[in-house]
Protein chains: 2
Amino acid sequence: MTKILQRNLYREVADRIGDLIEHGELAPGERISEKQLCDRFGVSRTPLREALKVLATEGLIELLPNRGARVVRLTLKNVKDTYDLMAALEGLSGELACQHISDAEIAAIRQLHNTMLVHYRNRDLMPYFQVNRQIHESILAASNNDVLQEMYSNLSQRVKRVRYSKQMTERYWSQAVKDHENMMAALEKRDSQLLGQILRDHLCNKIEVATLAGVIDTEDDKSVANS
Amino acid sequence: MTKILQRNLYREVADRIGDLIEHGELAPGERISEKQLCDRFGVSRTPLREALKVLATEGLIELLPNRGARVVRLTLKNVKDTYDLMAALEGLSGELACQHISDAEIAAIRQLHNTMLVHYRNRDLMPYFQVNRQIHESILAASNNDVLQEMYSNLSQRVKRVRYSKQMTERYWSQAVKDHENMMAALEKRDSQLLGQILRDHLCNKIEVATLAGVIDTEDDKSVANS
DNA sequence: AAAAGTAATTATGAATTCAATATTCCTTTG
DNA sequence: CAAAGGAATATTGAATTCATAATTACTTTT
């Protein structure tokens, strides 16, 4: 375990704890022990506690007065709510992108799109998802709206640990690719309204929610055995 | 000045500092002195610094390594970006509200709407804005999406200190009222798509941005004399 | 033996202390 | 007199210490 010795310690610690949560080393509902994390990162309680406060406002953990912190348990509703929001933000990013994007940026996205199609034809799931993500990120960047990007990235962070890409059925996959064909067309026409609509309806998110339905606990607030 | 002696001290302090920023007692770009605020609130630096970290992640202040914190200077672009985002969120809140709202809730909003019309006919600007806000908040609540409400409230907080309602021209005002008529109709038909569209396009926000064009500084990052 | 109450331990909340960085003010030099 | 350098001061970053609340373990009682 590499000790931390960087400045802006609290932010570094927060990111590291975020990673632990994302990778499941800190389980949902698990009690977070300050002392344990202090030892692990080699920092004192002051920056660690600052990190906990920040993570709480970012929605990754929750603070229980006088009883420490624990990892937020994602409920199905919570994830659904978050994805609805992300879809709306993607829609906005599409609208704005059409208004700001340069020919060169469109060309770059077209490149990514073509690459993605190759991965689709080869049924290479992971590369497909990676390029897919790059496309959405490019559109988000082209929106030229910093606040939007910040919010999206926060929401994305919250649900990262339950994002699955495995159980993609052939039917959903082909539909997603069709969506992307329409997206490219709308983008190249710079049809703001249309691209916004497509992205809002893009079923990518809905697939994931459907997939998750079986995975996440429906309970809201039961406490759980800790480490 | 009432001293603070409550539990969850950092959150209380953060709220209080937020109030100071909102009311302009801490000016945009102004350097925030830890010691000064500690004395003012009667707390030690530990909870105060936790509060600063939280306010930074909430976007109200920015942290400069080894150089303390200062109040975020809102640029016109920043406010525009935020309002674009808020419009998208309002649109989503409308869509979702149509899917979840009860007859009783619709009736309550209709009540508010009628009250608002009275204030409009009497040209009572402040009461008009207050009821107007209540209507939008009711729709947001009816969306039944906690994450959405949290995000919206954060964005709202960020731009609160520059929200003006004064320079409302007759022409814009009548248009806003027409928008609200259409909103009520869409809501009572539970026409999700339509209400979403209306709310996204509702020019309320755009008016405010236009109004602000002259008020906010265009400079991005110049430092400013401190207290 | 089970439950309740109490002491001991542990963890959290907040203040203080120590260290490092930045700022201010004064001196010195061209 | 202006500019540069350096000491003194003030401010921030982080660790430690102190206080208080919660948890655990143990004892006592029924």
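Hydrogens, waters and symmetry mates are skipped; everything else that's a heavy atom, side chains included, is used. Here is the naming used below: chain letters follow the sequence lines, and residue numbers restart at 1 for every chain.
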Round to the nearest Å and state the distance from [X] atom [atom1] to [N] atom [atom2].
X      : N       : atom1 : atom2 : answer
L63(B) : dT11(D) : CG    : P     : 17 Å
L9(A)  : dT21(C) : CG    : P     : 13 Å
Y10(B) : dA15(C) : OH    : C1'   : 19 Å
Q36(A) : dT10(C) : CD    : C1'   : 14 Å
R11(B) : dG13(C) : CZ    : C1'   : 17 Å
L37(B) : dT11(D) : CG    : P     : 12 Å
R70(B) : dT12(D) : CZ    : C1'   : 16 Å
F41(A) : dA14(D) : CZ    : C1'   : 17 Å

Which one, [options], comes nearest to the side chain of [X]?
X      : options                   : value
V43(A) : dA15(D), dG13(D), dG13(C) : dA15(D)
R31(A) : dT21(C), dA15(C), dA11(C) : dA11(C)
P47(A) : dT12(D), dT12(C), dA14(D) : dA14(D)

Indicate yes or no for a side-chain donor-acceptor contact from R31(B) to the backbone of R67(B) under 3.5 Å, with no hydrogens or angles considered.
yes
Examine distances only and state if a side-chain atom of S156(B) and a backbone atom of S153(B) form a donor-acceptor pair shorter than 3.5 Å.
no
Can you find a donor-acceptor pair, distance only, under 3.5 Å between R67(A) side chain and dG13(C) base?
no
Look up atom CZ in R49(B) and atom NZ in K53(A), then write down how far apart they are to the nearest 0.5 Å.
13.0 Å
Applying the Watson-Crick and G-U criteria (both distances under 3.5 angstrom) with [ ] for crossing and | for other-strand pairs, one obtains for DNA chain D ||||||||||||||||||||||||||||||
Regarding R16(B) and E25(B), does a basic nitrogen lie under 4.0 Å from an acidic carboxylate oxygen?
no
Salt bridge E58(B)-K160(B), side-chain N to carboxylate O under 4.0 Å
no
Is any side-chain heavy atom of L148(A) less than 4.5 Å from a side-chain heavy atom of D81(B)?
no
Starting from the 5' end of DNA chain D, give me the residue, K53(B) or R45(A), whose nearest nucleotide shows up first.
K53(B)
Parallel, tilted or perpendicular: which one describes the rings of H113(A) and H180(A), with boundaries at 30° and 60°?
parallel
Over all strands shown, is L52(A) touching base, sugar-phosphate only, or nothing at heavy-atom distances under 4.0 angstrom?
nothing
Check whether any side-chain N or O of R49(A) sits under 4.0 Å from OP1 or OP2 of dG13(C), and answer yes or no.
yes
Would you tell me if any nitrogen or oxygen in the side chain of T46(B) comes within less than 4.0 Å of OP1 or OP2 on dA14(C)?
no
